[in-house]
Amino acid sequence: MPLPRVAIQTADFDLGAEVAALRAQDARIGAVCSFLGTVRDRHPDVAGAVTALELEHYPGMTERAIEAMVDEAFARFDIHAARVVHRVGPLLPLDQIVLVAVASAHRGVAFQACEFLMDYLKTQAPFWKKEQTAQGARWVDARVSDDQALARWGIAARNA
């Protein structure tokens, strides 16, 4: 039985195992593109090091929202498989936070679909991020540059 296309979880994930499951002996696949995001120890708008990051979400709603965007990626691009794994809960710098992996016959399509999904996740997925620094905790807002990245796909950001 194939893995679900979207997983929201507290546990870490294995990149190699995720890509192997995505390929699942599908001989049509000639390219797999993946994006692996990790927690940084700094934020461009905040002085001081980020010591921890906490992600919150609404179970069920988050998965449905990301599933809808995966559906959109299948409609826009000739892809054979996609997988989004996003962690929630407390995380530390260097921890893996997100994986977007896309499989297709050719690399160009896989790269485009992967970037499309990541641009969506950065602005539209219903997650709330709180950073911890020596100065205290603060909620992280969406950045204008992330909204602009989404706009190039013809999707208006709902964060303005």
Side-chain angles (χ1 to χ4, degrees), residues 1-40 52-131 139-143 145-159:
M1 183 168 122
L3 289 173
R5 300 184 312 178
V6 176
I8 309 300
Q9 60 193 47
T10 56
D12 200 5
F13 53 86
D14 180 318
L15 175 62
E18 292 289 345
V19 169
L22 185 75
R23 292 176 58 213
Q25 304 299 317
D26 188 339
R28 300 172 303 161
I29 294 173
V32 175
C33 179
S34 65
F35 172 85
L36 176 67
T38 58
V39 178
R40 292 179 300 222
L53 178 68
E54 186 167 352
L55 273 90
E56 296 180 5
H57 79 297
Y58 285 120
M61 181 178 92
T62 303
E63 291 87 345
R64 283 189 303 275
I66 297 171
E67 280 284 352
M69 192 47 60
V70 172
D71 288 342
E72 183 66 20
F74 272 90
R76 288 177 180 237
F77 306 99
D78 186 16
I79 59 177
H80 300 303
R83 175 92 164 134
V84 175
V85 178
H86 209 299
R87 293 181 66 195
V88 293
L91 298 166
L92 299 174
L94 302 177
D95 284 349
Q96 297 182 135
I97 189 171
V98 63
L99 168 68
V100 174
V102 177
S104 68
H106 303 285
R107 71 178 183 271
V109 172
F111 277 118
Q112 284 183 310
C114 189
E115 191 169 20
F116 171 78
L117 286 168
M118 198 58 227
D119 287 344
Y120 166 77
L121 284 170
K122 286 292 288 181
T123 60
Q124 303 306 301
F127 291 106
W128 294 268
K129 298 177 188 178
K130 188 187 328 181
E131 291 178 334
W139 291 100
V140 179
D141 293 326
R143 295 193 311 239
S145 61
D146 292 331
D147 290 344
Q148 291 168 340
L150 187 64
R152 71 190 170 111
W153 302 104
I155 300 173
R158 299 184 303 258
N159 299 310

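As the structure is a prediction and not an experimental result, all values here were calculated from the model.
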Judged by atom type as modelled, is there a donor-acceptor pair below 3.5 Å linking the side chain of [X] to the main-chain atoms of [Y]?
{"X": "Glu63", "Y": "Gly60", "answer": "yes"}
{"X": "Gln96", "Y": "Leu36", "answer": "no"}
{"X": "Arg87", "Y": "Thr10", "answer": "yes"}
{"X": "Thr62", "Y": "Pro126", "answer": "yes"}

Distance (rounded to the nearest 0.5 Å) between [X] [atom1] and [Y] [atom2]:
{"X": "Glu54", "Y": "Trp139", "atom1": "CD", "atom2": "CH2", "result": "7.0 Å"}
{"X": "Ile29", "Y": "Leu22", "atom1": "CD1", "atom2": "CG", "result": "6.0 Å"}
{"X": "Ile79", "Y": "His106", "atom1": "CD1", "atom2": "NE2", "result": "14.0 Å"}
{"X": "Cys33", "Y": "Gln112", "atom1": "SG", "atom2": "CD", "result": "10.5 Å"}
{"X": "Thr123", "Y": "Met118", "atom1": "OG1", "atom2": "CE", "result": "9.5 Å"}

Is there a side-chain contact between [X] and [Y] (heavy atoms, below 4.5 Å)?
{"X": "Ser104", "Y": "Asp78", "result": "no"}
{"X": "Leu121", "Y": "Met69", "result": "no"}
{"X": "Phe77", "Y": "Leu117", "result": "no"}
{"X": "His86", "Y": "Ile97", "result": "yes"}

Using the six-membered ring wherever Trp is involved, compare the ring planes of Tyr58 and Trp128 and label them parallel, tilted or perpendicular (cut-offs 30° and 60°).
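It falls in the perpendicular class, over 60°.
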Shortest non-hydrogen contact from Leu99 to Phe13?
CB-CE1, 3.6 Å
Val88 to His57 - nearest heavy-atom pair and separation
CG1-ND1, 3.6 Å
Of Arg83, Arg5, Arg23, the residue whose pairing with Glu18 passes salt bridge (Lys or Arg N to Asp or Glu O under 4.0 Å)
Arg83
